[in-house]
Amino acid sequence: MQISVGMFVLYLILALVGGLVGGFFAARAFFKYELKKNPPVNEKMIRAMFMQMGRKPSEAQVKAVLRNMEKNR
């Protein structure tokens with residue numbers, strides 16, 4: 001059984017497109033899963049952290065923590 005060059009190129013292109021589409025959806029699902037498991041830190045979470053330590057944070061403290069986290073990212 002032999003395959004023509006045109007059919008080989010067509011199969012190659014279809015496999016490439018299928019891999020790209022499949023990879024896109026797999027990466028998207030993985031990214032959504034990771035964001036759900038480890039959400040990004042926001043002001044509300046920082047306030048909760050301070051409250052757990054027994055401190056009432058000022059707005060300046062919350063902003064300072066956010067700036068330091070962004071700087072060290």
Side-chain angles (χ1 to χ4, degrees):
M1 179 174 155
Q2 288 190 340
I3 185 168
S4 68
V5 173
M7 289 301 287
F8 176 75
V9 170
L10 178 66
Y11 288 148
L12 190 64
I13 291 172
L14 287 175
L16 181 64
V17 169
L20 288 173
V21 170
F24 170 77
F25 285 109
R28 188 173 137 217
F30 178 73
F31 192 71
K32 281 184 177 182
Y33 170 75
E34 285 297 319
L35 276 178
K36 188 180 286 186
K37 193 169 79 170
N38 300 314
V41 177
N42 57 20
E43 289 183 28
K44 194 175 185 181
M45 293 171 127
I46 292 171
R47 289 183 203 285
M49 180 186 66
F50 270 97
M51 297 299 271
Q52 286 177 351
M53 291 189 299
R55 298 177 56 190
K56 179 146 176 54
S58 68
E59 190 66 27
Q61 287 174 326
V62 172
K63 295 295 181 187
V65 170
L66 280 173
R67 271 195 311 273
N68 282 334
M69 289 179 72
E70 285 296 320
K71 185 177 78 174
N72 292 322
R73 194 176 268 189

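Side-chain heavy-atom separations under 4.5 angstrom define the hydrophobic clusters, and the remaining members of the one that includes Y11 are I3, M7, L10, L14. Other members of the cluster containing V21 are V5, V9, I13, V17, F24, F25, with ILVMFWY side chains joined at under 4.5 Å, either directly or via other members.
Minimum interatomic distance between I46 and V65 (heavy atoms only, all atoms of both residues): CD1-CG1, 3.6 Å.
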Residues 48-58 side chain polar contacts: donor-acceptor under 3.5 Å, at least two apart:
| unit_1 | atom_1 | unit_2 | atom_2 | d |
| --- | --- | --- | --- | --- |
| S58 | OG | Q61 | N | 3.3 |

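By the side-chain contact (heavy atoms from CB on, under 4.5 Å) test, L35 pairs with F31, P40, sequence neighbours left out. Among residues two or more places apart in sequence or in another chain, the side chain to side chain donor-acceptor pair (under 3.5 Å) test is passed with E59 by R47.
Checked against R67 for a side chain to side chain contact (heavy atoms under 4.5 Å, CB included), the options E70, K71, K63 give a single hit: K63.
Under the salt bridge (Lys or Arg N to Asp or Glu O under 4.0 Å) criterion, the residue pairs touching residues 12-36 are E34-K37, with sequence neighbours excluded.
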